[in-house]
Amino acid sequence: MITGQEAAALRDNIARVRERAAEAAVRAGRSPEEVTLVAATKMNSAERVLFAVENGIAVCGENRVQELLEKYEQSAYGDADLQFIGTLQTNKVKYLIGKVSLIQSVGSPRLAQAIDREAGKHGIRQPVLLEVNIGREESKSGFIPENLWEFLEKIADFQNLEVRGLMAIPPANPADGNCLHYFHEMRQLFVDISTKKYDNVNMACLSMGMTNDFEDAIACGSTMIRVGTAIFGARGAPR
């Protein structure tokens, strides 16, 4: 059961994140409507997620397939749009098709192939974002920027998915202390791809920016931010 104090904190957090995002957009000479807020709902109960949806959250992003399925069965997402934003194993793809509007984390041809195959079984075209390993980190999944172009040439082979844009998570502790140059590089990559014509590619979304850096990401052109802690509090905090 959500306490009155928790309810008030959640409402205030949602309002504050929206306000900060809008202010960041205006500072960058952009309209606040250009930026979609995705509430990262990992490790939050179905009750808390539904409360957030009922208080203004229009898009939910889940990181783990099992957690998504459990909350889905509990109707946690209400009328909100549901997306998958975490690392996805090919053998888990079948559980998402038909449930999520967007898979944000497609970082390999193998995963794209699995999504294409499963979507074909359902007779749908699955929108996806291509995950870019912008920091070129060995420990992270995603396309190295230089290798992305070769894959884009092959997108036409995947008739049951549509690339809607790019997503990235910059290094957690960059050497210079900020992620601005990674965000700028992502924006330039997004623009460069947008100038080309590829079958099954519609560059509408640039997903980057989380609790600690979403204002910088918006300043650099992000159209979608994924915010968890600033809305729900630190993971593992008392509920």
Side-chain angles (χ1 to χ4, degrees), residues 9-10 12-44 52 56-64 81 83-87 102-107 129-145 148 164-193 203-237:
L10 270 171
D12 289 346
N13 289 348
I14 293 168
R16 181 57 182 148
V17 168
R18 288 193 176 283
E19 181 182 25
R20 288 171 58 193
E23 290 173 350
V26 171
R27 285 196 300 270
R30 304 173 61 197
S31 167
E33 284 69 38
E34 294 177 29
V35 181
T36 298
L37 170 62
V38 178
T41 52
K42 182 171 77 171
M43 293 181 67
N44 282 279
I57 291 299
V59 186
C60 293
E62 203 66 70
N63 288 69
R64 298 169 178 169
D81 180 53
Q83 304 182 6
F84 189 78
I85 60 177
T87 300
L102 182 67
I103 298 174
Q104 290 206 25
S105 45
V106 178
L129 302 183
L130 299 183
E131 181 176 4
V132 180
N133 185 349
I134 196 63
R136 299 164 178 81
E137 299 172 90
E138 292 184 4
S139 61
K140 279 188 180 177
S141 59
F143 292 96
I144 300 298
L148 188 58
R164 292 279 180 87
L166 306 177
M167 76 87 79
I169 303 174
N173 298 295
D176 61 0
N178 72 71
C179 294
L180 282 172
H181 63 286
Y182 293 113
F183 290 148
H184 282 301
E185 186 177 354
M186 278 298 301
R187 172 62 180 173
Q188 190 58 56
L189 185 61
F190 179 82
V191 170
D192 289 346
I193 295 172
M203 297 296 286
C205 178
L206 178 56
S207 177
M208 58 184 191
M210 298 186 290
T211 285
N212 293 330
D213 55 22
F214 70 82
E215 287 152 313
D216 285 342
I218 291 170
C220 295
S222 174
T223 68
M224 181 174 284
I225 57 176
R226 310 177 304 274
V227 181
T229 302
I231 292 174
F232 295 105
R235 294 187 184 117

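Here the structure is a predicted model, which is why all the values come from computation and not from measurement. Here, residue 1 is the first one in the sequence, and each next residue gets the next number.
The shortest side-chain heavy-atom distance between D213 and M208 does not fall under the 4.5 Å cut-off. The shortest side-chain heavy-atom distance between S105 and T87 does not fall under the 4.5 Å cut-off. Contact annotation: the side chain of I231 approaches that of I57 to within less than 4.5 Å [non-hydrogen atoms, C-beta and beyond]. You'll find the side chain of E131 reaches within 4.5 Å of the side chain of S141, heavy atoms only.
Using a 4.0 Å cut-off between charged nitrogen and carboxylate oxygen, E23 and R20 do not count as a salt-bridge pair.
One finds the CG atom of L148 at 5.5 Å from the CG atom of L189 (value rounded to the nearest 0.5 Å). Summarising the geometry, atom OG1 belonging to T36 is positioned 10.5 Å from atom CG belonging to L102; distances are rounded to the nearest 0.5 Å. Taking CD of E19 as the start and CZ of R16 as the end, the distance is 4.5 Å to the nearest 0.5 Å. For the atom pair CE of M186 and CD1 of I134, the computed distance is 5.5 Å after rounding to the nearest 0.5 Å. To the nearest 0.5 Å, atom OG1 of residue T229 and atom NZ of residue K42 are 9.0 Å apart.
The minimum heavy-atom distance between S222 and V35, with the atom names listed, is O-CG2, 3.8 Å. Across T223 and C205, no two heavy atoms sit closer than the pair OG1-CA, 3.4 Å. Contact between A40 and I85 at its shortest, heavy atoms only, is CB-CD1, 4.0 Å. P171 and G135 make their closest contact through CG-CA, 3.9 Å (heavy atoms, listed as atom of the first residue, atom of the second, distance). Closest approach of F183 to P170, counting heavy atoms only: CE2-CG, 3.4 Å. Closest heavy-atom contact between A217 and G209: CB-CA, 3.5 Å.
Residues that satisfy the side chain to side chain donor-acceptor pair (under 3.5 Å) test with R64, not counting sequence neighbours, are absent from this structure. Residues that satisfy the ring-ring contact (aromatic ring centres under 6.0 Å, His included) test with F143, not counting sequence neighbours, are F151. In this structure N133 satisfies the side-chain contact (heavy atoms from CB on, under 4.5 Å) test together with E137, K140, I144, sequence neighbours excluded. In this view, S207 and Q104, R226 satisfy the side chain to side chain donor-acceptor pair (under 3.5 Å) rule, not counting sequence neighbours. Partners of R18 by side-chain contact (heavy atoms from CB on, under 4.5 Å), not counting sequence neighbours, listed by chain and number: I14, L37. Take A24 and apply the side-chain contact (heavy atoms from CB on, under 4.5 Å) test, not counting sequence neighbours, and it matches R27, E215, I218. When the side chain to side chain donor-acceptor pair (under 3.5 Å) test is applied to D81, the partners found at least two apart in sequence or on another chain are Q83, S101. Remark: E34 pairs with R30, S31 by the side-chain contact (heavy atoms from CB on, under 4.5 Å) rule, at least two apart or across chains. Residues that satisfy the side chain to side chain donor-acceptor pair (under 3.5 Å) test with E138, not counting sequence neighbours, are absent from this structure.
Between the side chain of D12 and the backbone N or O of L10, no donor-acceptor pair lies under 3.5 Å. Under the 3.5 Å distance criterion, the side-chain polar atoms of T211 are left unmatched by any main-chain donor or acceptor of V227.
Counting heavy-atom neighbours within 6.0 Å of D192 CG, excluding the residue itself, gives a total above 12.
Pairs passing the salt bridge (Lys or Arg N to Asp or Glu O under 4.0 Å) check and including a residue from residues 180-191, sequence neighbours excluded, read R136-E185.
Looking only at atom types and distance, the side chain of E62 has a donor-acceptor partner in the side chain of T41 under 3.5 Å away.
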